[in-house]
> 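I have a structure I would like to understand better, so I am pasting it below and will then ask my questions one at a time.
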2 protein chains.
Amino acid sequence: MSNSKEVSKSTIERLPKYLRYLIEIDKMGAVDISSTTIAEHFNFNPIQVRKDIAQVSKKSGKPKTGFKVKELIKDIQNFLGYNNYSEAVIVGCGGLGKTLMAYSGFLSLGLKIVAAFDSNPALFGLEVNGLKIHSMEELDAVINKTSAKIGIITVPRESAQQVCDRLIECGIKGIWNFAPLHLVVPSDVAIRNEDMAASLAVLSYELAAKQKSD
Amino acid sequence: MSNSKEVSKSTIERLPKYLRYLIEIDKMGAVDISSTTIAEHFNFNPIQVRKDIAQVSKKSGKPKTGFKVKELIKDIQNFLGYNNYSEAVIVGCGGLGKTLMAYSGFLSLGLKIVAAFDSNPALFGLEVNGLKIHSMEELDAVINKTSAKIGIITVPRESAQQVCDRLIECGIKGIWNFAPLHLVVPSDVAIRNEDMAASLAVLSYELAAKQKSD
DNA sequence: GTTATATCGATATCAGTATATCGATATGCT
DNA sequence: AGCATATCGATATACTGATATCGATATAAC
């Protein structure tokens, strides 16, 4: 993989947060920003912020003032690939699926949903936000007309793994799973399980812990 | 905080996954299960699985056969508090809000949404899945009629932090945030930021990394 | 009944991330 | 102009979670 340094998952999760903040303060006229100030805003550690920045930006900050807001924005956007978008398909046009299809924010995150599928014949041909819903039979054909490499799964739990497998057969290389189960994929495929049960469990545990100490 | 051992966030995130799997194989008639088998199913490390289990179950596994499926299920459910549910309120009844309100799976995760709010007068009084939508003015009054400690935020980005602050004023102690920004809360409040941008960034990065190495 | 082995649980090691330390320096202030 | 200081970047340390090692043992197979 040529040369580019490994960047940790945790760092990558923080970068979009910094970016949103920077864009906000840029709008408000800020020119310079220090890692200290960023850190204070998020309740993060300033050293961590500085190290995160160092990994995606070659511009070095200046003592006393910090970094140039606009330069940082560019560097982070560039690193995250927000300039040139990737195509994605979505399978499952129920409540959540439709919500995601209607979400206008993906484009600015470098993601463009280019096709939608569902197994329910009642939905075939319907349009959600300009996206026609295709049958599952058309999966292969439609995907291959696009350059989509990401598949978003918003089907019920029972069919999710099967849908996942089919997407991979169709050449999909990254799975963004919203179904309530942990999908398993071959090692050459990237997977992100958006597990609400796991997330809620952590929240509840932390809530309980904080309640205890008062 | 009395005695109960600290359990790591990572462990807690895995527990619901184990649980779903165990319930599934229990239905299929499995009586015993080994950490090895669980690990294989998820592509996890068996030692990790065993350590996770050891933290929530006092029952010890037997060489050669492993653990009793039904006992494990009970212990994990008990640890995660899936028996007695906590109440939650939701603020923001747009697409995502409605989807969450309609989701029937929360009850089995120990969560019950007991009230819904929105700032749009056109929605006041409407019912979604048996939940009446209240105005934001009623926030305090309605919350205090419940024992809700968790607030789910599904409002647009612009108003999210403000909504968060108000919920905390009303006595909410845990925030589950689905708005696309990183909310900051006082240290006695638990927060879970469901940050899709962060999540997508990780997926994209891993996808790019895997694409590179072929 | 004996033996081979899968699995457990405890302890030790390793890896990766977060935090702390510290010298250097550019800027703002007097 | 000179001084005080906030911030940087590099290096070092500490912490946390993941993985490896290994002896003990219950079970399955023969």
Side-chain angles (χ1 to χ4, degrees), chain A residues 1 4-15 17-18 21-22 25 30-69 71-72 75-76 182 187 198 201-202 205-206 209, chain B residues 1 4-15 17-18 21-22 25 30-69 71-72 75-76 182 187 198 201-202 205-206 209:
Chain A
M1 57 160 291
S4 60
K5 277 249 308 176
E6 275 295 330
V7 178
S8 85
K9 197 184 107 168
S10 331
T11 294
I12 294 172
E13 283 182 335
R14 285 187 294 267
L15 289 172
K17 297 175 198 285
Y18 300 156
Y21 172 66
L22 292 168
I25 63 168
V31 176
D32 299 296
I33 185 74
S34 72
S35 58
T36 317
T37 309
I38 297 178
E40 269 163 11
H41 180 259
F42 289 107
N43 258 314
F44 289 170
N45 181 305
I47 303 164
Q48 186 177 63
V49 173
R50 229 179 295 145
K51 285 186 103 175
D52 287 342
I53 291 174
Q55 291 182 79
V56 300
S57 174
K58 292 311 140 220
K59 316 270 170 38
S60 79
K62 279 186 189 167
K64 205 87 185 220
T65 55
F67 303 85
K68 293 288 168 197
V69 176
E71 288 182 3
L72 261 194
D75 286 344
I76 296 179
H182 184 92
S187 66
V202 175
Y205 182 77
E206 285 178 359
Chain B
M1 59 158 288
S4 60
K5 279 248 307 174
E6 274 296 331
V7 178
S8 86
K9 198 182 107 166
S10 330
T11 294
I12 294 174
E13 283 182 336
R14 286 187 293 266
L15 289 172
K17 297 174 197 288
Y18 300 156
Y21 172 67
L22 292 169
I25 63 167
V31 175
D32 299 296
I33 185 74
S34 72
S35 58
T36 317
T37 311
I38 297 178
E40 269 163 11
H41 179 258
F42 290 107
N43 259 314
F44 289 168
N45 181 306
I47 303 164
Q48 186 177 64
V49 174
R50 230 179 294 145
K51 286 188 103 178
D52 287 343
I53 291 175
Q55 290 182 79
V56 300
S57 173
K58 291 312 139 216
K59 317 269 171 36
S60 79
K62 280 187 187 166
K64 206 83 188 225
T65 54
F67 304 85
K68 293 289 168 197
V69 176
E71 290 182 2
L72 260 195
D75 286 344
I76 296 178
H182 184 91
S187 66
V202 174
Y205 183 77
E206 286 178 358

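Only this structure's heavy atoms are used, side chains among them; waters, hydrogens and symmetry mates stay out. Chain letters run A, B, ... following the sequence lines, proteins first, then strands; residues in each count from 1.
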> Taking His182(A) as the fixed residue, which of Glu13(B), Arg14(B), His41(B), Lys17(B) is the one that meets the side-chain hydrogen bond (donor to acceptor under 3.5 Å, both in side chains) rule?
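The side-chain hydrogen bond (donor to acceptor under 3.5 Å, both in side chains) with His182(A) is passed solely by Lys17(B) among Glu13(B), Arg14(B), His41(B), Lys17(B).
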> Here's a test of your reading of the structure: between Lys9(A) and Ser35(B), which maps to the more 5' nucleotide of DNA chain C?
Ser35(B)
> Are Asp75(B) and Ser57(B) close enough that a side-chain donor and a side-chain acceptor fall under 3.5 Å?
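Side chains of Asp75(B) and Ser57(B): pair found under 3.5 Å.
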> Nearest 0.5 Å, what's the CD1-CG distance between Ile47(B) and Asp52(B)?
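Output value for this atom pair is 12.0 Å.
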> Using 30° and 60° as the class boundaries, would you call the ring planes of Phe42(A) and Tyr21(A) parallel, tilted or perpendicular?
perpendicular
> Taking atom CZ of Arg50(B) and atom CD1 of Ile38(B), what is their separation to the nearest 0.5 Å?
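One gets 10.5 Å once the value is rounded to the nearest 0.5 Å.
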> For a quick check, with a 4.0 angstrom heavy-atom cut-off, what is the B/S/- contact string for nucleotides 18-25 of chain C, read 5' to 3'?
SBBB---B
> I need the CD-P distance between Glu13(A) and dT17(C), as an integer number of Å.
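Going from CD in Glu13(A) over to P in dT17(C) covers 11 Å.
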> Specify the closest pair of heavy atoms between Val7(B) and Tyr205(A), including all atoms of both residues, with the distance to one decimal.
N-OH, 3.1 Å
> Would you mind reading off the distance between Ile12(A) atom CD1 and dT17(C) atom P, rounded to a whole angstrom?
10 Å
> Starting at atom NZ of Lys68(B), determine the distance to atom C1' of dA26(D), rounded to an integer number of angstrom.
12 Å
> For Gln55(B) and dT16(D), give me the distance from atom CD to atom P, rounded to whole Å.
14 Å
